[in-house]
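As the structure is a prediction and not an experimental result, all values here were calculated from the model.
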Amino acid sequence: MDPAVLSAVVLFGSFFFMLFLGFPVAFGIGLASVLALVSYADWELALNAAAQGLATGVDGFTFLAIPLFVIAGGIMNRGSIALRLINLTKVIAAPLPGALAHANIIANTLFGALAGIASAAAMAVGGTINPHAKKEGYHSSFMAAVNAASAPSGLVIPPSASLILFSLYSGGTSIAALFLAGYLPGILWCLSVMVPALYFTIKHKYPTEKLPAMKRILQAVWQATPPLLLILAIIGGIVGGLFTATEAAGMAVLFSFLLSFVYRELSFKDLPAIFIDAIVPSAICIFLVAASGIMGWALSFASIPTMISDFILTVSDNKIVLLILINLMLLLIGTFLDLTPAVIIFTPILMPVFNMLGMDPVHVGIMMVFNLSIGLITPPVGTLLFVSCSIADIPFQKIIRPILPIIGMLVLSLMLITFVPDITLVIPRMFGLVP
């Protein structure tokens, strides 16, 4: 067997076998990559390459943005910023049937735009709205599905650690362009959840609420204005070249702490707990990045990206067929592999294919992140489904039926994003960031 083919078989075969055995993803990536290197070269060269890959995998200032955004999300969660956004969304959604469901969706979108962490949005927003929804007679399974399905919108809307990782593993795609490109697809995600939710709420005759008094509306808008201005400050600073994505993450930590301190919902004694809570997700992500550095060496040693791209291009020469097949493959991968490792693994593999198809890397990044984010709410492994079920105190089986129409709507939106690039590129094009 050709050494390159053997290396690819060993890499992916051993990786998926370890996943089947229940290995942590990062360890599976690292061990499979070492085995692939050994199958292609001698032990000494393989271990040297693995050591260098592990070190260089995280040798970048941009990676510091990931733990900083996690810390910022923790501060926002504890500092009542999420609550102020929820109060605003209740006012916005009041005239709609099933107002609390739509408030949940919009609040998850806004909180995700601030923190960029889907699980934090689901816990903060769902945990606040769910008790009120139970009192008003909403189906717990429906509210759990709505909460889970709307939380990933923040992974597409900036600031997003997933878009930062795509930028790094795609060869340096502009982070500013990716961030701007995420807004319309993020809004489309929100609408894709709201449409099935609206049908469900009308069908079950959930109550509408009276439009609040003007005083309450102005109060809700006033309280939510500082967090919303924080979004403008972060993204505006990146696009305007005032600071990098990493510096923007630091500013997000500083501004969110100052806001929470002004609101008197946070003090210095709360910071150790916030930092401790941020350690685990940050460490997991960074270790995944480090282990993926070894995989990068394994991929380049055996020219696996070129080999896989050549194979994909032999399936069909029709761009539409290829994009549908790639999207289906990524949707399948997302059902059992989390977003972060999927972006890290498959971005360098698929980028040669997208380049040959003449696609803009900014468009590709949004399409991939949107696609793989659907996996967070896809049975049987969707992590956000378990988070929302625990909040609603229902068994996992009850969330599957109400979540399926929403997943179907999101897949339709994914196809729209894939075949209408202007949805993604129109805003960065306005700022001269893409041709």
Side-chain angles (χ1 to χ4, degrees), residues 65-66 69-70 73 105-122 125 146-170 173-195 231 234-235 238-239 245 248-249 252 327 330-331 334 338-340 342-344 346-347 359-378 382-384 406-407 409-428 433-434:
I66 296 170
F69 277 128
V70 173
I105 296 167
I106 299 170
N108 268 337
T109 303
L110 290 177
F111 188 72
L114 277 168
I117 305 169
S119 57
V125 177
V146 161
N147 185 45
S150 55
S153 59
L155 301 174
V156 183
I157 299 174
S160 168
S162 301
L163 293 178
I164 293 173
L165 288 174
F166 175 84
S167 168
L168 295 168
Y169 284 90
S170 64
T173 305
S174 167
I175 294 178
L178 285 167
F179 276 12
L180 288 175
Y183 279 111
L184 290 183
I187 293 170
L188 185 59
W189 185 298
C190 176
L191 294 174
S192 299
V193 183
M194 289 187 74
V195 170
I231 302 174
I234 293 172
I235 305 304
I238 294 174
V239 174
N327 270 303
L330 291 175
L331 286 169
D338 200 30
L339 174 65
T340 299
V343 169
I344 291 172
F346 291 98
T347 297
M359 296 181 66
D360 191 289
V362 174
H363 177 211
V364 171
I366 299 299
M367 184 189 77
M368 284 190 66
V369 171
F370 194 103
N371 184 313
L372 293 168
S373 295
I374 296 174
L376 297 173
I377 59 169
T378 306
T383 52
L384 289 176
I406 301 175
I407 293 174
M409 194 71 187
L410 287 169
V411 171
L412 289 176
S413 296
L414 171 64
M415 293 297 104
L416 195 61
I417 289 168
T418 300
F419 295 111
V420 186
D422 282 345
I423 295 174
T424 299
L425 300 177
V426 63
I427 297 180
L433 296 174
V434 297

How long is the gap from [atom1] on [X] to [atom2] on [Y], to the nearest 0.5 Å?
X	Y	atom1	atom2	value
Ile175	Phe166	CD1	CZ	11.5 Å
Leu410	Ser150	CG	OG	10.0 Å
Leu416	Leu412	CG	CG	9.0 Å
Ser174	Leu433	OG	CG	5.0 Å
Met194	Ile106	CE	CD1	4.5 Å
Asn147	Ile377	CG	CD1	11.0 Å

Can you give me every donor-acceptor pair (side chain of residues 362-375, partner residue at least two apart or in another chain, under 3.5 Å) with its distance?
| residue | atom | partner | partner atom | Å |
| --- | --- | --- | --- | --- |
| His363 | NE2 | Ile417 | O | 2.8 |
| His363 | NE2 | Thr418 | O | 3.4 |
| Asn371 | OD1 | Leu331 | N | 3.2 |
| Asn371 | ND2 | Asn327 | O | 3.1 |
| Asn371 | ND2 | Asn327 | OD1 | 2.8 |
| Ser373 | OG | Val369 | O | 2.6 |

Nearest non-hydrogen partners of [X] and [Y], listed with the distance:
X	Y	answer
Leu339	Ser162	CD2-OG, 3.0 Å
Thr378	Ile407	CA-CD1, 4.2 Å
Leu384	Ala151	CD1-CB, 4.0 Å
Val146	Val193	O-CG1, 4.3 Å
Ala149	Trp189	O-NE1, 2.7 Å

For this session: Output yes when a side-chain donor or acceptor of Thr347 lies under 3.5 Å from a complementary backbone atom of Ile344, and no otherwise.
Result: no
Exercise. Does Phe179 reach the side chain of Pro428, with side-chain heavy atoms less than 4.5 Å apart?
Worked result: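 Not touching, per the 4.5 Å side-chain cut-off.
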Problem set entry | Partner of Leu178 by side-chain contact (heavy atoms from CB on, under 4.5 Å), out of Thr173, Thr424, Val156 |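 Of the listed residues Thr173, Thr424, Val156, the side-chain contact (heavy atoms from CB on, under 4.5 Å) partner of Leu178 is Thr173.
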Seminar exercise, completed: Paired with Val343, the side-chain contact (heavy atoms from CB on, under 4.5 Å) test is passed by just one of Leu165, Ile164, Leu168, Leu163, namely Leu165
